[in-house]
Amino acid sequence: MNRPTPPPVTTNGNAPDEAASRGSRGIQSIEVGGQLLKALVRAGTALPLKDLARAAGMAAAKAHPYLVSFGKIGLIEQDPTSGRYGLGPLALQLGLIGLQQVDPVRLAVAELPALAQALRCTVSAAVWGPLGPIIVHVEQGPTPVHVAMRHGTPASLRHTGTGKIFAAFAPTAAVAEALAREGEAQALQDPVFAAELETVRRDGLSRVRDELLPGISAMAVPVFDGFGRLALAIAAIGPSALLDLSPTGAQASTLRATAARLSQRLGAAPATPSDGAT
């Protein structure tokens, strides 16, 4: 006589459905208290209890017990003079360890395939190398672009969208040295180039139309790390007829959104609504 097969169980004795249910259920009090930590990150400064609670969307009486518990483990600390609450030593240690574990290039490369499809053009990521900006990854888009751009290709600081991002945001001494190697030793003293770099800093976007190759345009955006340093540049390149270089256009907005998402994953503070909007 065949015995009925018992239902499968997990190693802890729970049926699969029950285990899945338990695994997907979080601890609500932690999620609620986490809003206080998020509010401090958004504020970027220590806050009084009333302001912190309001920023987290809760009453001060509800927020206070969470802050006491967070203080006991070092996530929050209260200034004994002002009474304001700020991030504690454990929060700072977690942030620093997180920054050490993040690979900017790996994160950027993972974003590029979807970005190429969204922009319908070729996209690339570049970092600062020993001699200046260098392309580390190229993702071809639906529209082929016949440009000699591949992994390891250097990017001109003065004549490419990628290079102009580094010229605008990288340390001036390093930029000047790299420009000299390109035969552009006086570039930073050129009023036209200096004004262009100011526009790049203001817009958070560089734009190049038919500069190196007729009929080919490009634009690029900066990605910053948690210390405010330029980590890499993301660029889009395509036929001039298909690449909208307007700083308020849909393609520029998509490019900026990708850069902002990467910057936040690297620890940079979220951009304010006005950043890069002009």
Side-chain angles (χ1 to χ4, degrees), residues 6-111 114-115 223-229 231 253-254 256-277:
V9 296
T10 60
T11 55
N12 63 4
N14 293 322
D17 289 346
E18 180 185 352
S21 175
R22 289 170 62 87
S24 64
R25 187 169 65 244
I27 300 175
Q28 187 176 16
S29 61
I30 293 179
E31 296 172 10
V32 172
Q35 297 305 313
L36 293 162
L37 300 175
K38 291 181 178 180
L40 278 176
V41 171
R42 290 193 299 269
T45 186
L47 295 172
L49 172 59
K50 180 178 67 174
D51 294 344
L52 176 54
R54 182 170 60 248
M58 65 180 73
K62 180 179 179 180
H64 186 259
Y66 287 104
L67 295 175
V68 172
S69 293
F70 285 151
K72 289 180 178 179
I73 61 173
L75 281 174
I76 293 286
E77 64 179 5
Q78 184 180 24
D79 184 278
T81 303
S82 68
R84 290 172 174 257
Y85 291 90
L87 293 176
L90 178 58
L92 300 179
Q93 292 166 16
L94 289 171
L96 290 173
I97 292 171
L99 290 176
Q100 293 169 10
Q101 293 178 343
V102 171
D103 180 353
V105 174
R106 178 180 59 81
L107 292 179
V109 168
E111 291 272 359
L115 181 62
V223 174
F224 297 101
D225 65 18
F227 300 100
R229 300 173 303 201
S253 297
T254 299
R256 280 202 195 93
T258 299
R261 188 162 56 250
L262 287 169
S263 294
Q264 289 185 46
R265 293 191 66 183
L266 293 174
T272 61
S274 60
D275 287 351

Tell me the closest heavy-atom pair linking [X] and [Y], and the distance in Å.
| X | Y | value |
| --- | --- | --- |
| V32 | K62 | CG1-CE, 3.9 Å |
| L36 | A56 | CD2-CB, 3.7 Å |
| D225 | A231 | N-CB, 4.3 Å |
| A63 | L49 | CB-CD1, 4.2 Å |
| G33 | Y66 | CA-CD2, 3.6 Å |

Quiz item: Is there a donor-acceptor pair under 3.5 Å between the side chain of R261 and the backbone N or O of E111?
Solution: no
Practice problem: Mark yes or no for whether Q78, through its side chain, and G83, through its backbone, hold a donor-acceptor pair below 3.5 Å. | Solution: yes
Working to the nearest 0.5 angstrom, can you tell me the gap between [X] [atom1] and [Y] [atom2]?
| X | Y | atom1 | atom2 | result |
| --- | --- | --- | --- | --- |
| R42 | Q35 | CZ | CD | 7.0 Å |
| L37 | F70 | CG | CZ | 4.5 Å |
| I76 | L52 | CD1 | CG | 6.5 Å |
| Y85 | L67 | OH | CG | 5.5 Å |

Self-check item: Heavy atoms of other groups near Q28 CD, more than 12 under 6.0 Å
Solution: no
Exercise. Using a cut-off of 6.0 Å, state whether more than 12 heavy atoms not belonging to I27 lie near its atom CD1.
Key: no
